[in-house]
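Order of appearance sets the numbers: ligands from 1, and atoms from 1 within every ligand.
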Amino acid sequence: MNVRLLFPEGFLWGAATAAHQVEGHNFANNWWDWESQPGRIRDGSRSHPGTDQWIRYREDFALLHELGHTAHRLSLEWSRVMPAPGVLDQQALAHYRAVLECLRQYAIEPVVTLHHFTNPRWVEQQGSWRVDQREHFLRFVEEVVRSYRDLVRYWITINEPAVYANLGFVEGIHPPGDRSLRSGLRVLRNLLRAHQDAYALIHALQPEAQVSLAHNLAVLTPATHHPLDRLTAWLHDRLLNHAVLAACAALHPPRLAVGMLRSPRQRRTLDFIGVNYYTRSLVRFAPHRPRSLFAAHTPGTEGPRSLFGWEVYPRGLFTLLCALRRYRLPVLITENGVAEEGDTLRPWFLLAHLRAVHAAIRVGVDVRGYLHWTAFDNFEWAEGLRMRFGLVHVDFATGARTVKPSAWLYARICRRNALEPRDWQEACRQLAAGGASSARGGGEQHV
Ligand code: GCO
């Protein structure tokens, strides 16, 4: 890359987090209970104290400001605000007010998620999202929107509804650990109804609000040229990448998105599209796996692998963003990141994905911002603390923060609102220093 790539004026630069992953001290939700069961978390770690941001948010936000961030995605923990049905915790509400004010003081735009994987314990005990939780969830939404509408403009109702339904109710590796496709579909339908009602409620309370979901997109490539693999990959792309968006954007839902996902009212319930993007999967027809919708997904093999085993595939972001043009909505990248032990892959990861975002903007995709996953190393759900996604290293024993080289590189990009050729050189140097295994195919990715 030997030219300067300038981003549109006002482009939002920052990082994304979720309450349970960074706060610590969250003892009243379904995840705390799940973590306490042996064998649920791969490395046996716990979310508390973890990153301990419930206590350290001021120093953390000061650091993000120093690192040039102009936006920050965070979630509000439902179980703190509503510890029991109909009960509001005023101290928790006051705490989150202080958190949001602190971001504003640093001129950092908050992007607030209302449901990011966790439920209050009492919601879980009532059957979780297998049952219609709208009454309770909307009560929570109403309270927080009334409380913070002077501070927050961007709201994300639900993080990755399809991923939540799949991991918790079909694959069973997140709470409540069900393994049933029927249960997963019911949960997805309930979440989408909750999103639709929350969208209407937020707009009634705050007409100028910008409301969306954070939707996970993955590149799904057929594993072979066999027609059945190709058909399965195509169907999975329709279902996993586009059914939810089509239903919420009130476009004609793909026929296979079935009536179940279609909004009964067919109203548009997205003001922009929140995109979480990580990787590419190879898709194979698997006749004996009805629960996985007759497919096996395995990581792509062309690019370098993250610690998670996911293929790093930056050009996929360009392809996926271009496919969103059909919705005619602005896009905000609400997550994109990589887990690794050190920080050799991340600088290149950042550059390559930002170049893909820039290329998409150039061909007319209206991307408004980029929120990297994530700011500080944190609790990566069933993988525990081992999976480090942060721009800033956290020593979980002492709480000490150490800025990684990728964070300084990103800071320069955020401040100048542009990528420069020397950023690229620096990222490639780090990648080479990381050794051949992580660099496999690395230099060859082109948008
Ligand atoms: C998810 C969440 C995040 C993850 C991130 C890395 O997709 O699971 O939105 O909470 O931590 O995606 O896996």
Notebook entry, point to check: Relative to the ring of W381, is the ring of F117 parallel (under 30°), tilted (30 to 60°) or perpendicular (over 60°)?
Noted result: tilted

Next item on the list: Under 4.0 Å, heavy atoms only, figure out whether ligand 1 is touched by the backbone of V163, its side chain, both or neither.
Entry: neither

Checklist line | For atom 2 (C) of ligand 1, the protein heavy atom that lies nearest, with its residue and separation | finding: H116 NE2, 3.4 Å

Checklist line | Polar contact flag, side-chain donor to acceptor under 3.5 angstrom, E77-Y96 | finding: no

Notebook entry, point to check: side chain to side chain donor-acceptor pair (under 3.5 Å) between H242 and Y327: does it pass, once the steps are laid out?
Noted result: CA-CA 10 Å; H242 291 288; Y327 301 109; 2.6 Å; yes

Next item on the list: Can you pull out the closest protein heavy atom to atom 7 (O) of ligand 1? Residue, atom name and distance to 0.1 Å, please.
Entry: E160 OE1, 2.6 Å

Item checked: Step-by-step side chain to side chain donor-acceptor pair (under 3.5 Å) determination, N119 to Y164 -> CA-CA 11 Å; N119 299 315; Y164 170 82; 2.9 Å; yes

Checklist line | ligand 1 atoms in contact with E335 (distance to a heavy atom under 4.0 Å) | finding: 2 (C), 3 (C), 5 (C), 7 (O), 9 (O), 12 (O)

Next item on the list: Please write down residue, atom name and distance for the protein heavy atom closest to atom 4 (C) of ligand 1.
Entry: E380 OE1, 3.6 Å

Check: When you check the side-chain N and O atoms of H195 and H115, is any donor under 3.5 Å from an acceptor?
Finding: no

Next item on the list: Answer yes or no for N159: is there a heavy-atom contact with ligand 1 below 4.0 Å?
Entry: yes

Notebook entry, point to check: Can you list the ligand 1 atoms lying under 4.0 Å from a non-hydrogen atom of F389?
Noted result: 6 (C), 13 (O)

Next item on the list: If you have a sec, work out which protein heavy atom is nearest atom 10 (O) of ligand 1 and how many Å separate them, to one decimal?
Entry: Q21 OE1, 2.6 Å

Check: Which of the atoms in ligand 1, numbered in the order shown and given with their element, are less than 4.0 Å from a heavy-atom of F117?
Finding: 1 (C), 8 (O)

Check: Hey, does the side chain of T232 reach the backbone of R284 with a donor-acceptor pair shorter than 3.5 angstrom?
Finding: no

Check: Considering distance alone, does some N or O of W310 sit under 3.5 Å from an N or O of ligand 1?
Finding: no

Next item on the list: Examine R46 relative to W32 and say whether NZ or CZ is less than 6.0 Å from the centre of the six-membered ring and inside a 45° cone about the ring axis.
Entry: yes

Check: To the nearest 0.1 Å, how far is atom 5 (C) of ligand 1 from its closest protein heavy atom, and which atom is that?
Finding: Y278 OH, 3.1 Å

Next item on the list: Answer yes or no: are there more than 12 heavy-atom neighbours, outside R104 itself, under 6.0 Å from its atom CZ?
Entry: yes

